[in-house]
Amino acid sequence: MSNTISIPTPNNFNFRRAVTGHGWYDLPPFVYDEAANKLSYVFYSTLTRKPEPVTLGEGGNSNLHISVSKTADPDEVKRVVRHILRIDEDLADFYSTVAGHDAFCWVEALNAGRLLRSGTVFEDLVKTLCTTNCSWGLTKIMTANLVAKLGKKVSGGGRAFPSAKSMASKPESFFREEIRAGYRSPYFLELGEAVAAGKLDPEGWLHSELPTDELKKEIKKVKGIGDYAAENLLKLLGRYDGLALDSWLRGGFYKKHNREKACPDKKIEKHYKRFGKWKGLAIWCDMTQSWFEEGR
DNA sequence: GCGTCCAGGTCTACC
DNA sequence: GGTAGACCTGGACGC
C-alpha cells in the first residue's frame with residue numbers, strides 16, 4: 001500500500017463508534033486494531049478484477065484517511081468506504097425522534113447509530129445467515145472459514161470475502177465439512193448459485209422502491225432467512241422498521257426493562273413503537289448503551 | 001477424554 | 001395463524 005486518500009466526514013461522525021457500534025468489525029475480512037484505531041478490510045474490485053486491501057483511520061480535521069494500493073481506483077475506494085461506514089446516511093431525523101426521550105439523550109451526543117456494514121449486500125446476507133441459530137463464536141468460525149477457504153487472496157496477505165460464483169462452485173459437503181455450516185450448508189450453496197446465475201440480486205435491495213414489508217418478504221425467500229435475519233439485513237440496508245429480535249436483544253430487554261423476566265415479543269414491540277420507523281435503531285442503541293459508556 | 005445437555009433461528013409438517 | 005420437532009455446532013458441565 002502506498003497511496004493515501006482522504007475523504008471528509010460529517011460533523012456527527014465518530015470513526016471509532018462507527019466501527020465498533022456493531023459487531024461486524026469482528027468478522028473477516030474486517031480486522032480492527034483497537035489500539036491504533038484502524039480498520040482494515042479487503043473488497044473485491046469490479047474495476048481492477050482483484051481484491052483490494054484498504055486501511056482506514058482518522059485523519060484529523062473531520063477527515064478519514066484511507067491507505068490503498070497503487071492500482072486501486074480512488075473513486076471506487078471512496079464509494080466502498082462511504083458505503084461501509086455509512087458516511088452519507090442522514091441520522092438527523094433519528095436523533096430528533098429520540099431527542100425527547102430522557103433514556104436516549106446520550107445517543108446524538110455520542111454519535112451513536114451508525115451500524116458498520118460490508119462492502120456488498122451479498123456479503124452482509126451471507127454473514128447474517130452465519131449469525132442464525134448459533135453462538136457468536138460459531139458465527140466467527142463460519143465467516144473466517146468462508147474467507148480463508150474461498151476468498152480471493154491479496155498478494156501481500158489477506159483475503160476478500162468469497163464471491164457468489166466461488167460459493168456456487170463448491171459442493172454442499174464443502175460447506176458442511178470445511179465451513180462447519182451444518183444444516184445451513186444447502187442454504188449457502190443455493191444462495192451462491194442464485195446470485196451467480198443472476199436469479200437473485202441482493203445489491204438491488206439497497207435502492208429498492210418496495211415498501212419495507214414487501215422487501216422483507218423478498219429477503220425471506222432466501223432459505224435460512226427468517227424474521228430476525230431479514231430485519232437484521234434491513235437495518236444494514238438503512239431500514240429500521242423491524243426490531244430484528246434475537247436472543248441477545250431479548251435478554252438485554254428483559255434485563256433492562258422487565259426486571260430480568262422473560263416477556264412476549266409484543267411487549268418489546270410496544271416499548272419501542274413510539275420510535276416509529278426508527279424503532280430498530282432505537283432498540284439497538286438502547287441495548288448497546290453500555291458499549292458507549294465503556295468508551296467504544 | 002468422553003458423554004450429555006443446552007442455546008441459538010429457521011424450516012417443515014401438522015392442527 | 002400457531003405450535004412442535006428437527007436441524008447442527010461449539011461450549012459448558014459432570015464423570
Side-chain angles (χ1 to χ4, degrees), chain A residues 22-24 26-28 115 117-118 121-150 161-162 164 167 170-195 199-200 202 205 212-237 239-256 258 260-270 272-273 279-281 283-284 286-288 291:
Chain A
H22 185 237
W24 250 213
D26 211 14
L27 299 179
L115 310 182
R117 59 186 172 186
S118 307
V121 179
F122 172 72
E123 184 176 328
D124 278 337
L125 180 58
V126 175
K127 284 177 175 172
T128 297
L129 195 48
C130 289
T131 67
T132 60
N133 200 21
C134 66
S135 62
W136 182 245
L138 183 55
T139 297
K140 290 203 282 188
I141 288 170
M142 286 189 276
T143 310
N145 285 338
L146 280 168
V147 172
K149 298 180 180 187
L150 278 180
F161 196 81
M167 286 176 63
K170 295 293 182 184
E172 185 184 318
S173 58
F174 171 83
F175 294 96
R176 202 172 286 276
E177 292 159 19
E178 301 287 329
I179 306 300
R180 311 302 294 164
Y183 71 93
R184 303 167 196 81
S185 300
Y187 304 159
F188 281 122
L189 182 56
E190 193 176 314
L191 174 58
E193 286 174 341
V195 174
K199 293 174 184 170
L200 183 69
W205 295 339
T212 303
D213 281 354
E214 294 297 316
L215 185 55
K216 184 180 169 184
K217 283 180 190 169
E218 284 299 307
I219 295 170
K220 282 183 70 176
K221 286 180 183 172
V222 176
K223 277 277 183 67
I225 300 293
D227 281 328
Y228 148 74
E231 289 178 5
N232 183 64
L233 190 71
L234 281 165
K235 285 184 184 180
L236 298 176
L237 294 171
R239 302 195 193 207
Y240 306 98
D241 317 37
L243 297 179
L245 289 176
D246 61 4
S247 59
W248 186 79
L249 279 182
R250 287 189 183 95
F253 181 87
Y254 303 154
K255 191 174 181 183
K256 190 168 184 178
N258 209 45
E260 307 210 15
K261 289 182 179 174
C263 65
D265 288 352
K266 284 184 179 176
K267 184 170 183 179
I268 306 177
E269 290 274 355
K270 190 179 173 187
Y272 294 100
K273 193 180 176 184
K279 59 179 179 283
L281 195 51
I283 188 176
W284 182 258
D286 197 19
M287 292 302 113
T288 58
W291 295 5

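Each chain gets a letter, A, B and so on, in the order the sequences are listed, and its residues count up from 1.
- Between A/F188 atom CZ and B/dC11 atom P the separation is 13 Å, expressed in whole Å.
- Within 3.5 Å, no donor on the side chain of A/Y228 pairs with an acceptor on the base of B/dG8, nor the reverse.
- Rounding to the nearest 0.5 Å places CD of A/E190 at 15.5 Å from CZ of A/R184.
- At the phosphate of C/dC8, OP1 or OP2 sits under 4.0 Å from a side-chain N or O atom of A/R176.
- Atom NZ of A/K140 and atom P of C/dG11 are 10 Å apart (whole Å).
- Rounded to whole Å, atom C1' of B/dA7 lies 11 Å from atom OH of A/Y183.
- Nucleic acid contact class of A/G137 (heavy atoms, under 4.0 Å, all strands): none.
- Note on A/S247: a side-chain N or O is less than 4.0 Å away from OP1 or OP2 of B/dG9.
- Within the 4.0 Å cut-off from OP1 or OP2 of C/dG10, at least one side-chain nitrogen or oxygen of A/R180 is found.
- Using a 4.0 Å heavy-atom criterion, one finds that A/A181 contacts no nucleic acid atom at all.
- Within the 4.5 Å cutoff, the side chain of A/C130 has heavy atoms near those of the A/L146 side chain.
- Atom C1' of nucleotide C/dT9 and atom CZ of A/F175 are separated by 17 Å, given to the nearest angstrom.
- Distances were taken from every side-chain heavy atom of A/K223 (C-beta onward) to each of B/dC11, C/dT9, B/dG9; the shortest belongs to B/dC11.
- Aromatic ring orientation, A/W291 versus A/W248: tilted (interplanar angle from 30° to 60°).
- Residues meeting the side chain to side chain contact (heavy atoms under 4.5 Å, CB included) test with A/E269, sequence neighbours left out: A/L243, A/K279.
- Listed candidates were B/dT10, B/dG9, C/dG10. Nearest to the side chain of A/L138 is C/dG10.
- Where A/K220 and A/R184 meet DNA chain B, the nucleotide closest to each residue was compared, and A/R184 sits on the side nearer the 5' end.
- Here the P atom of nucleotide C/dG11 and the CG atom of A/N133 are 15 Å apart, to the nearest Å.
- The separation between A/Y187 atom OH and C/dT9 atom C1' is 14 Å, rounded to whole Å.
- A/I141 places its CD1 atom 15 Å from the C1' atom of B/dA7, with the value rounded to the nearest Å.
- Taking the charged nitrogens against the carboxylate oxygens, A/E231 and A/K235 have no contact shorter than 4.0 Å, which rules out a salt bridge.
- The distance from atom CD of A/E177 to atom C1' of C/dC8 is 14 Å, rounded to the nearest whole Å.
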